[in-house]
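See below for the structure under consideration.
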Amino acid sequence: METETATHWLTDAEQCAWRTHLEVNRLLTYQLEKDLQPFGLTMNDYEILVNLSESDDMRMRMSDLAGATMQSKSRLSHQITRMENADLVRRENCESDRRGLFAVLTEHGLQTMRKVAPHHVASVRRHFIDLLSPDALQDLDKSLKPIAEHLRDQRGRP
């Protein structure tokens, strides 16, 4: 067991950067979610619509969609049921694997995506992109890539 003296505590600068990151993450997620509310969507709904709209034949295996959206299969199943009730998606059996299911974007889901996407992009610009210079955006991207890569690698480990 690690002792208190062996803990490599964050410096003031590290603590400040960490807490700023957490605050920005929470506040930005809250604002983007709030901006989707008039359309009756959550960020999870929107992420599912994006994934399906960008996939071949606007369909994905449920297990792949769960991985892409970082949701448990159970949570995704409940989410898809709710979205089915709103006619945004439907489930279809997988011909090659009788146990597998696809989530498929409906025509109404595609129209919803087309209607909401410009508003969502405007929200992302207003609350994030336009607040940073092009150089700052490039620096941010460069700084965050190693973290994203590390965390993607960790996802594959037990």
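Start at 1 with the first residue, then count along the sequence.
Atom CG of Asp45 sits about 8.0 Å away from atom CD of Glu33, to the nearest 0.5 Å. A distance of 6.0 Å separates CG of Asp139 from OG of Ser143, quoted to the nearest 0.5 Å. For the atom pair CG of Leu49 and OG1 of Thr106, the computed distance is 8.5 Å after rounding to the nearest 0.5 Å. Separating the CD atom in Glu92 from the CG atom in Leu101 is a distance of 10.0 Å, to the nearest 0.5 Å. For the atom pair NE2 (His21) and CD (Glu23), the distance works out to 11.5 Å, reported to the nearest 0.5 Å.
When hydrophobic side chains of Ile, Leu, Val, Met, Phe, Trp and Tyr are connected at separations under 4.5 Å, Phe102 ends up clustered with Val104.
Judged by distance alone, the side chain of Ser123 and the main-chain N or O of His119 form no donor-acceptor pair under 3.5 Å. Remark: side-chain polar atoms of Ser55 are paired, donor with acceptor, to backbone N or O of Leu52 under 3.5 angstrom. The backbone N or O of Gly67 sits less than 3.5 Å from a side-chain atom of Arg155, completing a donor-acceptor pair.
Residues meeting the salt bridge (charged side-chain N to carboxylate O under 4.0 Å, His left out) test with Arg75, sequence neighbours left out: none. Residues satisfying the side chain to side chain donor-acceptor pair (under 3.5 Å) criterion with Glu47, sequence neighbours excluded, are absent altogether. Partners of Asp135 by side-chain contact (heavy atoms from CB on, under 4.5 Å), not counting sequence neighbours, listed by chain and number: Ser133, Gln138. With sequence neighbours left out, the salt bridge (charged side-chain N to carboxylate O under 4.0 Å, His left out) criterion links Glu84 to Arg91. Annotation: side chain to side chain donor-acceptor pair (under 3.5 Å) contacts of Thr11 (sequence neighbours excluded): Glu14. Residues forming a side-chain contact (heavy atoms from CB on, under 4.5 Å) with Leu137 (at least two apart in sequence, or on another chain): Phe128, Ile129, Leu132. Applying the salt bridge (charged side-chain N to carboxylate O under 4.0 Å, His left out) test to Asp141 and every residue at least two apart in sequence or in another chain returns Lys145. In this view, His108 satisfies the ring-ring contact (aromatic ring centres under 6.0 Å, His included) rule with no residue, not counting sequence neighbours. The side chain to side chain donor-acceptor pair (under 3.5 Å) check on Glu107 picks up Gln111, with sequence neighbours excluded. For the salt bridge (charged side-chain N to carboxylate O under 4.0 Å, His left out) test, no residue two or more places apart in sequence or in another chain qualifies with Arg19. With sequence neighbours left out, the side chain to side chain donor-acceptor pair (under 3.5 Å) criterion links Glu54 to no other residue.
More than 12 heavy atoms of other residues, nucleotides or ligands sit less than 6.0 Å from atom CZ of Arg126. Annotation for Tyr30: atom OH does not count as buried by contact number, only 12 or fewer foreign heavy atoms lying within 6.0 Å. Within a 6.0 Å sphere centred on CG of Asn25, heavy atoms belonging to other residues, nucleotides or ligands number more than 12.
One hydrophobic cluster, built from ILVMFWY side chains closer than 4.5 Å, holds both Phe39 and Met113. Both Leu32 and Leu140 are members of a single hydrophobic cluster when ILVMFWY side chains are connected at heavy-atom separations under 4.5 Å.
When all heavy atoms of Gln79 and Ile48 are compared, the closest pair comes out as CG-CD1, 3.4 Å.
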